[in-house]
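Read the structure below first, then the notes.
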Amino acid sequence: MPTGGQKLSQIEARSEAGEARPTAKIENIVATVSLDQQLDLRLIERSILTVEYNPEQFPGLVYRLDEPKVTALIFKSGKMVVTGAKSTKDLIEAVKKIVRNLKKHGIPIYGRPKVQIQNIVASANLNVCVDLERAALTLENSMYEPEQFPGLIHRMDEPRVVLLIFSSGKMVITGAKREEEVYEAVNKIYEKLKKLRAIRPC
Amino acid sequence: RLRRLQAKLRATTSIEKNIEQAAREITRLIEALNLPRSVIDTAMMIYRQAAEKGLVRGRSLESMAAAAVYAACRIRGIPRSIDDIAELVKGGRKEVARCYRLIVRELRLRMPIVDPVRYVSRITSALRLSPAVEKRAAEILIRARKMGLTAGKDPAGLAAAAIYIAALELGERRTQKEIAAAAGVTEVTVRNRYKELVQKLNITLPAQ
DNA sequence: AACTTACTTTCGAAAGC
DNA sequence: GCTTTAAAAAGTAAGTT
């Protein structure tokens, strides 16, 4: 078990004994932001030429920021969805930049934006291969349909996340609301696969 | 209390009528796919359980019936892809797949993992290959699975590659194009699987 | 045959059809 | 349910060169 509080991404892939250790990386954070005010999307569309806005197709206005590289969907209710951030810091920085930019272009913003993380997507590597057939037969709440998708889909109860596990030992974790849940899920699935003897050397 | 009884009776009648109609649809699909009659019983049992759990509400009967047939084929080890079945209904592959996942999850069905060996005879017979090729292809697939080469790969592609190799070994060569068409995968997939099997199983093909 | 691009699966929120 | 966004995993597909 890794040292408490330390992020898996900072932990070495292998201990001195040579035992494989999982590594994880946050790939995408999806968050909602509330500005608590109505917005005139047509005004934003006229002021900022780089946005996309097709209300017939989708009610949100698409705003892309280069640094941090995120995409925001802005709605007339003053709520938005920000996707693409690789860290909480990037997310906060991006929201500040977007609000600052709107103001700079003459769109008045009154209150402080309220940010809520809705989903965290991460990739991880157990650094050992997984016997998917064995895992599929012994792991609860899992689905493995190689005709349709090469990964085993596992719905974990606690933390409540979904994992896409591949035979290479690499995986995708999604549905997490806190970064800690990602590391918790990776450690938990690693221990469980070991217990089920569904781990094999690569 | 009479009202409740009537409502319950009405609901039961409604479900029974739905199941009757589904039985006709399931029979149609099974005949169109040339599946053994025994699959009907399994598919009907699955559909009935799904209907009784209320999984049919708001979903097309056609797609749910197709999903039940696909699940029945899986349980009975009959090699039919979800596309083979989905192309016979208007909902499309995506909806049939969604219904199938719903059925498996809600009824907590333990689906056996698709065995590529099951696809072999279907492909070899379409190409008029000998039983010897069939037997050899199965051996290759069993060895491949033991070595962990089949995880995550499309069983049809694996079967196609094993047959390609077995046919070459036994002097009954078929082109990758012919085999790919019979298996319902692309030539690129047959080639990729074939290369990996030959390399990792140390298979030596006859010269030329 | 290589490359490129693109689609399969998973997740969540937004507003409206 | 759908529409739109982003991102990863590994396999398969399709179009070019």
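Throughout, a chain's letter reflects where its sequence line sits, starting with A, and its residues are numbered from 1.
- Listed nucleotides dG11(D), dT10(C), dT5(D) differ in distance to Thr83(A); the shortest reach to its side chain belongs to dT5(D).
- Comparing the same atom, P, in dC7(C) and in dT3(D) gives a spacing of 13 Å after rounding to whole Å.
- A salt bridge links Glu45(A) with Arg42(A): at least one charged nitrogen is closer than 4.0 Å to a carboxylate oxygen.
- Counting only residues at least two apart or in different chains, side chain to side chain donor-acceptor pair (under 3.5 Å) contacts with residues 68-82 of chain B comprise Glu145(A)-Arg74(B), Glu147(A)-Tyr70(B), Thr42(B)-Arg76(B), Tyr70(B)-Arg74(B), Arg74(B)-Tyr100(B), Ser81(B)-Asp84(B).
- Following rounding to the nearest Å, Phe166(A) (CZ) and dT10(C) (C1') show an atom-to-atom distance of 9 Å.
- Checked against dG12(C), dA10(D), dT12(D), the side chain of Lys170(A) finds its nearest nucleotide in dA10(D).
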Verdict with supporting geometry, Glu52(B) and Arg48(B), salt bridge (charged side-chain N to carboxylate O under 4.0 Å, His left out): CA-CA 6 Å; Glu52(B) 284 168 355; Arg48(B) 167 164 251 116; 3.6 Å; yes

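- Residue-level contact check: Arg59(B) touches neither bases nor backbone, having no heavy atom under 4.0 Å from any strand.
- Mapping Phe58(A) and Glu27(A) onto DNA chain D by nearest heavy atom places Phe58(A) at the nucleotide closer to the 5' end.
- Summarising the geometry, the separation between CD on Glu179(A) and P on dC11(C) is reported as 20 Å, rounded to the nearest angstrom.
- Contact record, Phe75(A) with Leu39(A): O-CD1, 3.8 Å, taken as the closest heavy-atom pair.
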Check: protein-nucleotides 1-7 of chain C nitrogen or oxygen pairs below 3.5 Å:
{"unit_1": "dA1(C)", "atom_1": "OP1", "unit_2": "Arg191(B)", "atom_2": "NE", "d": "2.4"}

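- Contacts classified as side chain to side chain donor-acceptor pair (under 3.5 Å) and involving residues 130-139 of chain A (residues at least two apart or in different chains) are not found.
- When the P atom is used for both dC3(C) and dA7(D), the distance is 24 Å, rounded to whole Å.
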side-chain contact (heavy atoms from CB on, under 4.5 Å) assessment of Ile82(B) paired with Ile85(B): CA-CA 5 Å; Ile82(B) 208 156; Ile85(B) 297 163; 5.8 Å; no

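- Applying the side chain to side chain donor-acceptor pair (under 3.5 Å) definition to pairs two or more places apart or across chains, none involves residues 68-83 of chain A.
- Note on residues 21-33 of chain B: pairs passing side chain to side chain donor-acceptor pair (under 3.5 Å), not counting sequence neighbours, are Glu25(B)-Arg28(B).
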Residues 148-172 of chain B side chain polar contacts: donor-acceptor under 3.5 Å, at least two apart:
{"unit_1": "Lys153(B)", "atom_1": "NZ", "unit_2": "Leu149(B)", "atom_2": "O", "d": "3.4"}
{"unit_1": "Asp154(B)", "atom_1": "OD1", "unit_2": "Ala156(B)", "atom_2": "N", "d": "3.0"}
{"unit_1": "Glu169(B)", "atom_1": "OE1", "unit_2": "Arg136(B)", "atom_2": "NE", "d": "2.6"}
{"unit_1": "Glu169(B)", "atom_1": "OE2", "unit_2": "Arg136(B)", "atom_2": "NH2", "d": "3.2"}
{"unit_1": "Glu172(B)", "atom_1": "OE1", "unit_2": "Ser130(B)", "atom_2": "N", "d": "3.0"}
{"unit_1": "Glu172(B)", "atom_1": "OE1", "unit_2": "Ser130(B)", "atom_2": "OG", "d": "3.4"}
{"unit_1": "Glu172(B)", "atom_1": "OE2", "unit_2": "Ser130(B)", "atom_2": "OG", "d": "2.5"}

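- Between Arg93(B) and dT8(C) there is no side-chain N or O to OP1 or OP2 distance below 4.0 Å.
- We find that CG of Leu91(A) is positioned 19 Å from P of dT5(D), with the value rounded to whole Å.
- A salt bridge is absent between Lys177(A) and Glu181(A); no separation between the charged side-chain nitrogens and carboxylate oxygens falls under 4.0 Å.
- The minimum heavy-atom distance linking Ala122(A) with Val182(A) is given by the pair CB-CG1, 3.6 Å.
- If you check dA10(D), dA8(D), dA6(D) against the side chain of Ser168(A), the one that comes closest is dA10(D).
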Anything under 3.5 Å between a protein N or O and an N or O of nucleotides 13-17 of chain D, put it in a table, one pair a line.
{"unit_1": "dA13(D)", "atom_1": "OP2", "unit_2": "Thr186(B)", "atom_2": "N", "d": "3.1"}
{"unit_1": "dA13(D)", "atom_1": "OP2", "unit_2": "Thr186(B)", "atom_2": "OG1", "d": "2.9"}
{"unit_1": "dA13(D)", "atom_1": "OP2", "unit_2": "Thr189(B)", "atom_2": "OG1", "d": "2.5"}

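- Here dA6(D) presents its C1' atom at 14 Å from CD1 of Ile26(A), a figure rounded to the nearest Å.
- For the P atoms, the distance linking dA13(D) with dT9(C) amounts to 15 Å, nearest Å.
- Here dT12(D) presents its C1' atom at 12 Å from CG of Asp83(B), a figure rounded to the nearest Å.
- Comment: Glu191(A) engages Lys194(A) in a salt bridge, judged by a side-chain N to carboxylate O separation of less than 4.0 angstrom.
- Helical stems of DNA chain C (runs of at least 3 Watson-Crick or G-U pairs, donor-acceptor distances under 3.5 Å) are listed by first residue: C:1-8 with D:10-17, C:13-17 with D:1-5.
- We find that Glu87(B) and Arg93(B) are not joined by a salt bridge, their nearest charged nitrogen and carboxylate oxygen being 4.0 Å or further apart.
- Rounded to whole Å, the C1' atom of dA9(D) lies 23 Å from the corresponding atom of dA2(C).
- A salt bridge links Glu196(B) with Arg193(B): at least one charged nitrogen is closer than 4.0 Å to a carboxylate oxygen.
- Scanning residues 155-162 of chain A for heavy-atom distances under 4.0 Å to DNA chain C yields Arg155(A), Val162(A).
- In this structure, Ile120(A) atom CD1 and dA9(D) atom P are separated by 18 Å, rounded to whole Å.
- Rounded to an integer number of Å, the gap from Met171(A) CE to dT9(C) P is 20 Å.
- When heavy atoms are screened at a 4.0 angstrom cut-off, Gly151(A) is found touching no nucleic acid atom at all.
- Listed by chain and residue number, nothing satisfies the ring pair (Phe, Tyr, Trp, His ring centres under 6.0 Å) test with Tyr53(A) (two or more places apart in sequence, or in another chain).
- For dA6(D), one of the phosphate oxygens OP1 or OP2 lies less than 4.0 angstrom from a side-chain nitrogen or oxygen of Arg64(A).
- Within residues 67-78 of chain A, the residues that place at least one heavy atom under 4.0 Å from DNA chain C are, in residue-number order, Leu73(A), Phe75(A), Lys76(A), Ser77(A).
- Across dA13(C), dT12(D), dT8(C), the shortest atom-to-atom separation from the side chain of Arg193(B) is found for dT12(D).
- Taking a cutoff of 4.0 Å between a charged side-chain nitrogen and a carboxylate oxygen, Glu139(B) and Arg143(B) do not qualify as a salt bridge.
- Note on Arg105(B): every side-chain N or O is 4.0 Å or more away from OP1 and OP2 of dT10(C).
- Of the candidates dT9(C), dG11(D), dA14(C), the closest approach to any side-chain atom of Pro150(A) belongs to dG11(D).
- Rounded to whole Å, the distance from CG on Asn119(A) to C1' on dT9(C) is 14 Å.
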Verdict with supporting geometry, Glu158(A) and Lys188(A), salt bridge (charged side-chain N to carboxylate O under 4.0 Å, His left out): CA-CA 9 Å; Glu158(A) 186 54 45; Lys188(A) 196 169 167 181; over 6 Å; no

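- Within residues 132-145 of chain A, no residue has any heavy atom under 4.0 Å from DNA chain D.
- Which of dA6(D), dA9(D), dC2(D) sits closest to the side chain of Arg98(B) comes down to dC2(D).
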